[in-house]
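These notes concern the structure reproduced below.
Below, read A as the first sequence line, B as the second, and so on, with proteins coming before strands; counting in each chain starts at 1. Quick note: numbers below take in every heavy atom, side chains included, and nothing from hydrogens, waters or symmetry partners.
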Amino acid sequence: MKTHQVKILTNLQVSDRYWHMKVDLSEINLTVQPGQFFNIKCDQNVYPFLRRPLSVYRIDNEEKTLEFLYLVKGIGTKRMTNLKKSTNVDIFGPLGVGFRLREEDETILLLARGVGVATLAALAYAAARNGKKVHAILSARHEDDLLATEFLESIGVIIYKVTDEVGNSDVTKVEALIKKISLYSKIDSLYTCGSKRLAKIIQKIAKRDNIPGEIALEEHMGCAMGVCFACVCDIRVGDKIKSVRVCHEGPVFPIEKVIL
Amino acid sequence: MKTHQVKILTNLQVSDRYWHMKVDLSEINLTVQPGQFFNIKCDQNVYPFLRRPLSVYRIDNEEKTLEFLYLVKGIGTKRMTNLKKSTNVDIFGPLGVGFRLREEDETILLLARGVGVATLAALAYAAARNGKKVHAILSARHEDDLLATEFLESIGVIIYKVTDEVGNSDVTKVEALIKKISLYSKIDSLYTCGSKRLAKIIQKIAKRDNIPGEIALEEHMGCAMGVCFACVCDIRVGDKIKSVRVCHEGPVFPIEKVIL
Amino acid sequence: MKTPKLEVDIGGLLLRNPIMPASGAFGPEMDRAFDFNQLGAIVPKSITMEERPGNKTPRVCETTAGMINSIGIQSKGVKHFMKCIIPYYAQFNPPLISSLSASSIDEFAELAEIIAESEAVRALELNISCPNLKGNGLAFGMDADLTYTLVKKVRSVTDKPIISKLTPNVTSIQEIAIAAEEAGSNSLNVANTLLAMAIDPETRRPKIGNVMGGLSGPAVKPVIVRLIYQVAQVAKIPIIGCGGVVNGEDAIEMILAGATAVQVGTASFIEPTAMVNIIAEIEKYMERHQIESIERLRGQVIID
Amino acid sequence: MKTPKLEVDIGGLLLRNPIMPASGAFGPEMDRAFDFNQLGAIVPKSITMEERPGNKTPRVCETTAGMINSIGIQSKGVKHFMKCIIPYYAQFNPPLISSLSASSIDEFAELAEIIAESEAVRALELNISCPNLKGNGLAFGMDADLTYTLVKKVRSVTDKPIISKLTPNVTSIQEIAIAAEEAGSNSLNVANTLLAMAIDPETRRPKIGNVMGGLSGPAVKPVIVRLIYQVAQVAKIPIIGCGGVVNGEDAIEMILAGATAVQVGTASFIEPTAMVNIIAEIEKYMERHQIESIERLRGQVIID
Ligand SMILES: Cc1cc2nc3c(=O)[nH]c(=O)nc-3n(C[C@H](O)[C@H](O)[C@H](O)COP(=O)(O)OP(=O)(O)OC[C@H]3O[C@@H](n4cnc5c(N)ncnc54)[C@H](O)[C@@H]3O)c2cc1C
Ligand SMILES: Cc1cc2nc3c(=O)[nH]c(=O)nc-3n(C[C@H](O)[C@H](O)[C@H](O)COP(=O)(O)OP(=O)(O)OC[C@H]3O[C@@H](n4cnc5c(N)ncnc54)[C@H](O)[C@@H]3O)c2cc1C
Ligand SMILES: Cc1cc2nc3c(=O)[nH]c(=O)nc-3n(C[C@H](O)[C@H](O)[C@H](O)COP(=O)(O)O)c2cc1C
Ligand SMILES: Cc1cc2nc3c(=O)[nH]c(=O)nc-3n(C[C@H](O)[C@H](O)[C@H](O)COP(=O)(O)O)c2cc1C
Ligand code: FES
Ligand code: FES
């Protein structure tokens, strides 16, 4: 749990609203899990004041690089786009608990909405490298917002694109799609991120078919290290409701426990 | 009275504590007088919050450039050093009342302490171009802090360097130096900036020898356009004391009027 | 959509738009920066009965996202104001709101009577909240009874709209707001500066000559928005929001919290055309959100 | 010069240095960031008698140079605190200051009695100033009489040093400070957060779930420095400055204004090692200025 000054290798716009940043980890020794995140200083300045949390998009342990994929939303991510190649960026992490990839699984299915793919891509990569078959349903408003498809395809992930534009991204259609996929490919685990609406499908299927599932949540953060209780959400433990911190007990939670 | 987004041509360190910035005025039409100043946004950010006033160090009407010479003092000037070549800087001005260079004068004497030379250099340049003889006593802590000497020499200014280091910068020695200069060169006007201690000599000589003199003052500024009354100082008008705004009635005042 | 309607009524005074300068951060010198006729109203620096020198320099210092000032109402007195300042502002269309400062209740009333006589003056803003007058940060507006008595007295000498400028440095601004309203204020300015101080660790001296001063700028906006919201719960008269507004969204935020109009101070020091930029940004916001009249936004913060 | 002496005494409690966390901005999770033994004291999140869920999310939002929080004292209750939290912090050398929150005076006293029984707890900080408990921003510390009664009651159940954490949201903090001192406080924390609010113009909703919350961070420092200075004029007991400290110079500024010790909250969210950095910066400042003991700086602002 430390801040690191790491060198920016690239920081580039990849589509209308999305940017991609790659940093050099060769000077430090970090073990980073898919699903974990970093809290990033958008500027070497008091403004914006707070750091901004970004999931790990990709970890390359050979090249010793770390990548982030981010949506330009407000002032913080806007300023992040000004971070220049070869300068340093101050990142705090890795933070939180990542995804659990089960040894025994042969096939997994990911369901990502929008920038949720930034969070699931690292998992897809780890799974593919471990020889698992990975199905990934990517949902977005427009074709343009479907990110990382090439990268995912290049590592052998089977991709299904659904968009609001085309009209195949609503809950019933996505549910039908998952059903279709499971017909020819037995799914061992489910993972989702980026939409509570879509996560409900995963929760339902996980329960019905008794498949383990996980979800990465988001909440406004203060400290990102578990001390301020800004980022809490309720989860179900047995028949009790428990308050947990997204930054500390999460951001990844068993799908059956979350309240959507 | 406008803000201008002007392109930075250069922004370079010229000595241990001093920087020099040159901006492009070719896109705008400005008439700038020596002694006037600009109020400069140190960063495209809310931090530092206020602009910082800098005198015009040099105006080149042919090349259409404007130059500033600044001492890195606190946060604002520190951040100014981060302004990058080819990007824009937001300058507000020209502001205030500049020096009055009298047609009839043949010889003038400038006495500048420290960064005061930034304010007097533009005047020296204008005077030299108008065929006047310019004597300039430059005072500083160290030899290193004596700025602009080459530039001034190149335009024919006769320079006298005095430093605390060498021990020839105290009031008595400077006064003796001025006396010596006046022995072989009749001084028609006196100008000073950068030290109230030294300005007292100018005030005394101006009064005693009935020579017109001017001084450029500094005060902490809020608006720099005469509305907030942050930058006031008292001046003597006849036997009355009057409060004036350094940014509006000044920063240049007749030496006999200021209270040192 | 038609061009959005920006007109607002601040207690009997109609403004063509809700944006006006904050007293002390505006002056004739700014006419070279923009056309004053674009403003909702004109508010000069607070005026006092007699000439006043103001406080020691330095009178301003920077803080993180803000500034402290202790100008201390430097003023040339009411005579000069009537003779030179009023006629100057009278040439512009926006109504002239004269800001008054005094050291006693009687003096407030006297001053109000004199100034209200001028036809060009369309409303009086009572600066009962200046933290820079006595050096201890105290102000009439810190006490509900004093506020009531003061406003009542001024009410008795003029029929012109009275704006009471409240101080944020109180336990319950609602109490003061109610006192000012009951005494006959036509609207409330929320609020003056936060009493503040800064020390230079190198010199160990206060950063401003007067030791304490008033904090303004973006740093204070969240406190001011809260105060506007609190006052809006109890006051029936219009609120003029003031403190930390830099752009159109800031103004909208105050209007959503309950303000009818908005004053802009320190922002003009950083961008002299801030006020006209803000008016344009408000219009853009309204067009984007299909809001026909700014009045529709007032107090419309959604509380679940 | 010898290494500067950083020891301070905050009303009977000796600290090896003046830097400690602000309640609510510190937790066991930070032990991976730095060694807690470097701190002057340890101050956990305010504890309540019963378990409390805290407020709706979002619980924090950013403002210019600050943040608003409305955590609302999420707490597992005093039993869990005694069983799990105290023993955990007891393993570190710095004295443990327990922060207490309650919704009635009697509850404050009961809670104090229970917690003071633990030997590891070396002092009690009474959070009589939390703006997030009732949703209306009100707090005991806004009333001098309530403050007096509350502190007096707690005083009667324990001999351990009592720190009263004052609210900045009052007309006269001096009055409250005197009440807390006379009732038996051993020191004063100046101060809790400024009551604040922010609205998102796009959604028209308050940026935090609880509508209003407490403003912290660099934006508030000038107000806090002023409050410390004001309290120092009237209080005989030590002051702990709190609000907006980000670096060593900020801490020095508060000490010059009259603080004996300094708490650091929000800064740790941006830089988890902020507190130890600040200690190092204070030492450097003292060396540069040839100051042997930090006590020499207390209240030493130069007023002409
Ligand atoms: C664990 C975690 C991992 C994340 N990973 C990624 C990622 O890989 N890529 C990515 O693009 N985004 C990610 N996000 C979301 C990202 O942090 C926010 O979009 C970002 O902080 C917005 O900052 P801003 O300054 O641009 O927007 P702001 O100006 O701060 O806010 C713009 C809008 O976004 C909302 N917002 C601000 N912060 C958050 C937040 N933390 N969570 C939800 N909404 C917020 C605000 O309320 C406001 O409505 C992640 C969030 C979390 C909590
Ligand atoms: C009309 C005018 C013309 C000037 N011309 C030049 C110039 O050509 N070159 C140059 O290097 N400097 C010039 N200055 C001074 C320059 O404006 C200040 O040094 C600068 O604003 C300091 O900003 P900072 O953020 O670096 O320091 P800060 O961190 O703001 O302050 C550092 C120290 O400087 C003091 N200070 C801050 N602002 C001023 C100010 N306006 N006047 C005096 N002291 C101040 C502060 O009190 C503090 O002690 C001029 C000032 C004025 C008023
Ligand atoms: C330099 C300066 C001078 C001020 N003078 C006055 C004044 O004379 N009368 C008054 O009522 N308020 C005065 N104020 C307060 C402003 O009117 C306004 O309430 C405050 O600055 C907050 O708004 P802002 O953040 O937009 O600046 C002054 C503020 C500043 C910065
Ligand atoms: C997230 C958060 C939670 C807080 N919780 C408490 C609390 O439980 N008890 C308390 O007395 N103060 C609490 N505070 C206030 C801080 O202790 C401190 O007074 C305030 O943050 C100002 O200091 P800072 O600017 O250094 O953060 C909290 C502040 C924050 C930001
Ligand atoms: S952000 Fe502070 S506990 Fe999660
Ligand atoms: S700086 Fe505002 S009047 Fe000079």
Going from [atom1] on [X] to [atom2] on [Y], what distance comes out if it is rounded to the nearest 0.5 angstrom?
X: A:Cys247; Y: D:Glu29; atom1: SG; atom2: CD; answer: 8.0 Å
X: A:Ser243; Y: D:Arg52; atom1: OG; atom2: CZ; answer: 12.5 Å
X: A:His220; Y: D:Ile208; atom1: NE2; atom2: CD1; answer: 11.0 Å
X: D:Ile71; Y: A:Cys228; atom1: CD1; atom2: SG; answer: 5.0 Å
X: A:Phe49; Y: D:Thr63; atom1: CZ; atom2: OG1; answer: 8.0 Å

More than 12 heavy atoms of other residues, nucleotides or ligands under 6.0 Å from [atom1] of [X]: is that the case?
X: A:Glu27; atom1: CD; value: no
X: D:Arg122; atom1: CZ; value: no
X: A:Lys64; atom1: NZ; value: yes
X: A:Arg17; atom1: CZ; value: yes
X: A:Glu165; atom1: CD; value: yes
X: A:Arg197; atom1: CZ; value: yes

Do D:Pro272 and A:Thr3 have side-chain heavy atoms sitting under 4.5 Å apart?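 D:Pro272 vs A:Thr3: side chains touch.
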
Under a 4.5 Å heavy-atom cutoff, which of D:Ala33, D:Ala65, D:Ala219 has the most pairs with chain A?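 Among D:Ala33, D:Ala65, D:Ala219, the one with the most close pairs to chain A is D:Ala65.
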
Chain A interface, residue from D:Gly265, D:Gly27, D:Pro53 that has the most non-hydrogen pairs under 4.5 Å: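 Top count of heavy-atom pairs under 4.5 Å with chain A: D:Gly27.
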
Report which part of A:Lys41 has an atom under 4.5 Å of a heavy atom belonging to chain D: side chain, backbone, both, or neither.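 The side chain, not the backbone.
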
With a 4.5 angstrom heavy-atom cut-off, could you sort out which part of A:Ala230 is near chain D: side chain, backbone, both or neither?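 Both the backbone and the side chain of A:Ala230 come within 4.5 Å of chain D.
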
Under 4.0 Å between a side-chain nitrogen and a carboxylate oxygen: does that hold for D:Glu62 and A:Arg51?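 Salt bridge absent between D:Glu62 and A:Arg51.
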
Check [X] against [Y] and note the closest heavy-atom contact, atom names and distance.
X: D:Ile270; Y: A:Leu50; result: CD1-CD2, 4.1 Å
X: A:Val227; Y: D:Phe269; result: CG2-CE2, 4.0 Å
X: D:Ser268; Y: A:Met225; result: O-CE, 3.4 Å

Check: A:Phe229 main-chain N/O paired with D:Arg59 side-chain donor or acceptor under 3.5 Å: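 Present.
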
Toward chain A, the part of D:Ala25 with a non-hydrogen atom under 4.5 Å: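 D:Ala25 touches chain A through backbone heavy atoms alone.
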
Could you check which of A:Glu219, A:Met221, A:Lys2 has the highest count of heavy-atom pairs closer than 4.5 Å to chain D?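 Ranked by contacts with chain D, first place is A:Glu219.
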
